[in-house]
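We're numbering straight along the sequence, starting at 1.
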Amino acid sequence: MTGTSTQPESGGPAPFTAADYAARMRRAAEAADAAGLAGLLIAPGPDLVWLTGYRPVETERLTLLVLRTGHDPVLVVPTLEAPDAAKAAGGPALTLRDWTDGKDPYEATASVLGAGGRYGISDNAWALHLLGLRERLPDAGHVALTRALPMLRAVKDAAELDRLAAAGAAADATYEEILKVPFGGRREREVAADLADLLRWSGHAQVDFTIVASGPNGANPHHEAGERVIERGDMVVLDFGGLKDGYGSDTSRTVHVGEPTDEERAVHDLVRTAQEAGFQAVRPGAACQDVDRAARAVIADAGYGEYFIHRTGHGIGVTTHEPPYMIEGEEQPLVPGMCFSVEPGVYLPGRFGVRIEDIVTVTEDGGRRLNNTPREMAMVD
């Protein structure tokens with residue numbers, strides 16, 4: 001890293017309040033009822049953080065938020081962790097049902113739920129806990145939360161959009177700085193370490209990924225930065241992001257070490273055109289698959305369709321990957337406040353790859369990019 005840059009201004013957003021979390025829990029319970037569910041069972045993870053502000057360590061001890069319409073939210077929690085749960089931002093909106101070591105946490109949960117019903121349960125709930133609940137309540141049914149309520153966290157409010165925009169701006173600042181570091185003659189993992197440092201410098205509390213895929217490694221969309229020495233003449237795919245103030249960033253740009261060939265420039269221009277087509281397809285009422293179709297058509301029409309090997313985008317919020325997904329077959333209409341990536345790519349095995357990615361939010365009359373660095377190919381040293 002150069003060490004000569006001015007750090008972005010800090011001073012984060014106002015924290016979410018107990019009233020904010022209470023409103024989210026109420027809305028979630030109402031959505032469950034409308035979907036014909038008896039309620040929701042929320043395990044530690046992003047759903048629990050979004051609904052309550054509580055982020056416990058995930059262990060074999062059961063922690064479970066129970067949401068049902070007409071009932072106060074109940075958090076089943078180990079006694080030794082109850083004080084921390086009570087201090088969470090959404091704690092005042094919760095009724096705590098604690099259990100001590102040696103007691104049966106599933107029995108405690110069963111007494112809250114009743115005899116049966118079909119519940120939505122967090123995707124990341126441990127099988128240990130789900131099976132324990134089923135033993136106590138054999139007449140109850142369960143369905144994965146993203147299958148039952150895939151749009152629960154998808155539409156962001158103004159405060160969430162502000163956080164996502166700030167995370168996007170921080171990722172943009174990271175990209176602008178990484179262009180100043182040397183690439184040629186260094187290992188991919190060294191540049192990836194620079195990216196991680198710069199993400200933290202820009203205000204990210206958590207770094208989720210720093211893909212640096214040079215030369216033929218660029219043909220692997222999820223290449224892990226390794227020992228390959230970046231050479232002059234390499235195309236290098238950069239894909240990086242993490243969490244800032246609890247909300248995600250994710251952006252990709254493809255740079256070149258020295259002057260590109262005519263073919264490399266043409267493929268990069270093709271992906272840039274496809275990315276613009278995907279962005280232009282964003283508007284309220286359009287289906288998620290329309291974004292994928294628009295970007296994919298550009299690449300297919302140019303004869304590179306078989307080399308675009310992943311969906312065009314994914315949602316982003318309190319995690320860097322979540323619904324909705326921009327993929328053929330997803331007919332979910334776009335709604336103002338949704339945020340997702342638009343990231344087409346072309347991957348030529350054994351040669352190079354190109355990906356360009358922005359986070360986009362749906363507005364009342366179209367879309368707005370949350371990443372605004374140049375999408376033209378940058379040349380680095």
Side-chain angles (χ1 to χ4, degrees), residues 16 20-55 58 63-76 90 93-94 109 112-114 116-127 129-130 133-134 137 140-157 159-161 163-164 246-248 284-289 291 311 313-327 329-341 361-362:
F16 294 116
D20 294 326
Y21 290 114
R24 290 179 184 178
M25 287 188 279
R26 183 171 56 254
R27 191 165 76 244
E30 291 169 352
D33 185 62
L37 299 174
L40 302 179
L41 307 177
I42 309 298
D47 295 318
L48 187 63
V49 172
W50 183 75
L51 286 163
T52 69
Y54 181 44
R55 191 189 298 270
E58 298 181 40
T63 295
L64 199 69
L65 173 66
V66 178
L67 298 178
R68 296 187 295 164
T69 54
H71 297 78
D72 291 336
V74 174
L75 184 68
V76 179
L94 297 169
T109 307
V112 175
L113 296 178
R118 188 165 181 261
Y119 289 85
I121 187 166
S122 298
D123 296 11
N124 59 325
W126 286 20
H129 299 320
L130 178 56
L133 287 171
R134 285 186 168 177
L137 296 172
H142 303 89
V143 60
L145 189 58
T146 55
R147 176 169 294 183
L149 297 175
M151 296 298 109
L152 180 62
R153 304 195 324 249
V155 178
K156 276 64 179 180
D157 62 25
E160 292 181 292
L161 289 173
R163 285 165 170 78
L164 283 161
Y247 281 75
C288 291
Q289 67 181 3
V291 179
R311 64 196 175 204
H314 58 82
I316 191 169
V318 293
T319 60
T320 48
H321 279 221
E322 61 185 47
Y325 299 104
M326 307 301 114
I327 185 64
E330 179 52 79
E331 297 179 350
Q332 167 68 42
L334 299 181
V335 177
M338 283 182 176
C339 293
F340 48 84
S341 64
T361 184
V362 185

Asker: Closer than 3.5 angstrom, by distance alone: can the side chain of R118 be matched with the main-chain N or O of G36 as a donor-acceptor pair?
Answerer: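 Not at all, since once roles are kept as given, no pair shorter than 3.5 Å links the two residues.
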Asker: With rounding to the nearest 0.5 angstrom, report the CD to SG distance, E322 to C339.
Answerer: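 The SG atom of C339 is 9.0 Å from CD of E322, to the nearest 0.5 Å.
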Asker: Atom CG of L64 and atom CG of L113: how far apart are they, to the nearest 0.5 Å?
Answerer: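 Nearest 0.5 Å value for the CG-CG distance: 7.5 Å.
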Asker: Taking the six-membered ring for Trp, are H321 and H314 parallel (under 30°), tilted (30 to 60°) or perpendicular (over 60°)?
Answerer: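 Parallel: the ring planes of H321 and H314 meet at under 30°.
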Asker: Side-chain contact, heavy-atom cut-off 4.5 Å: P73 with V66?
Answerer: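 Not touching, per the 4.5 Å side-chain cut-off.
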Asker: What's the shortest heavy-atom distance between W50 and L152, and which atoms?
Answerer: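 Between these two residues, the closest heavy atoms are CH2-O, 3.6 Å.
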Asker: Looking only at non-hydrogen atoms, find the nearest pair between A35 and L149 and report the distance.
Answerer: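 In terms of heavy atoms, the two residues are closest at CB-CD2, 3.9 Å.
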Asker: Would you say the side-chain atoms of Y54 pair up with the backbone N or O of L75, donor to acceptor, closer than 3.5 Å?
Answerer: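 No; zero donor-acceptor contacts below 3.5 Å.
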Asker: Once rounded to the nearest 0.5 Å, what's the spacing between atom CZ of R24 and atom CG of D157?
Answerer: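 One finds 6.0 Å between CZ of R24 and CG of D157.
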Asker: Kindly indicate, with the supporting measurements, whether the criterion side chain to side chain contact (heavy atoms under 4.5 Å, CB included) is fulfilled by L94 and Y21.
Answerer: CA-CA 10 Å; L94 297 169; Y21 290 114; over 6 Å; no
Asker: Determine whether H142 and R134 make a side-chain contact, defined as any pair of heavy atoms from C-beta on separated by less than 4.5 Å.
Answerer: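 Counting from C-beta outward, H142 and R134 do come under 4.5 Å.
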Asker: For R55, does the CZ atom sit with more than 12 other heavy atoms under 6.0 Å from it, leaving out its own atoms?
Answerer: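 Incorrect, the count does not exceed 12.
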Asker: Flag the pair R163 / K156 as yes when at least one side-chain heavy-atom distance between them is below 4.5 Å, and no otherwise.
Answerer: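 Contact flag for R163/K156 side chains = no.
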Asker: Can you name the closest pair of heavy atoms from P150 and P323 and give their distance?
Answerer: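 The answer is O-CB, 3.3 Å.
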Asker: Check for a donor-acceptor pair, side chain of Q289 on one end and backbone N or O of G329 on the other, with a separation under 3.5 Å.
Answerer: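 Yes; judged by distance alone, with no hydrogens or angles, the pair exists.
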Asker: Could you tell me whether the side chain of D33 and the main chain of R68 form a donor-acceptor pair under 3.5 Å?
Answerer: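 Not a single qualifying donor-acceptor pair exists.
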Asker: Is the shortest heavy-atom distance from the side chain of Y325 to the side chain of Q332 under 4.5 Å?
Answerer: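 No, too far: nothing below the 4.5 Å cut-off.
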Asker: Atom OG1 of T63 and atom CD1 of I42: how far apart are they, to the nearest 0.5 Å?
Answerer: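 Here the rounded value is 13.0 Å.
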Asker: Specify the closest pair of heavy atoms between G248 and L164, including all atoms of both residues, with the distance to one decimal.
Answerer: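 Minimum heavy-atom contact is O-CD2, 3.4 Å.
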Asker: Quick one: do Y119 and L133 satisfy side chain to side chain contact (heavy atoms under 4.5 Å, CB included)? Show the steps, please.
Answerer: CA-CA 11 Å; Y119 289 85; L133 287 171; over 6 Å; no
Asker: H71 side chain to T69 main-chain N or O, any donor-acceptor pair under 3.5 Å?
Answerer: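 Checked: pair present.
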Asker: Any side-chain heavy-atom pair from M151 and V335 closer than 4.5 angstrom?
Answerer: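 M151 does not reach V335 side chain to side chain.
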Asker: Begin with the C-alpha distance, continue with both residues' side-chain angles, and end with the deciding distance and a verdict on side chain to side chain contact (heavy atoms under 4.5 Å, CB included) for L40 and L51.
Answerer: CA-CA 11 Å; L40 302 179; L51 286 163; 5.7 Å; no
Asker: Could you pull out the closest heavy-atom pair between N124 and P46, with the gap in Å?
Answerer: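 So the two residues come closest at ND2-CD, 4.0 Å.
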Asker: At what distance, to the nearest 0.5 angstrom, does CE of M338 lie from CD1 of I316?
Answerer: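 Between M338 CE and I316 CD1, I get 15.0 Å after rounding to 0.5 Å.
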Asker: Going from CG on L41 to CG on D47, what distance comes out if it is rounded to the nearest 0.5 angstrom?
Answerer: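 It is 11.5 Å, given to the nearest 0.5 Å.
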Asker: Find out whether L65 and S122 are in side-chain contact, i.e. whether some heavy atom of one side chain is under 4.5 Å from a heavy atom of the other.
Answerer: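 Of all side-chain heavy-atom pairs linking S122 with L65, none is under 4.5 Å.
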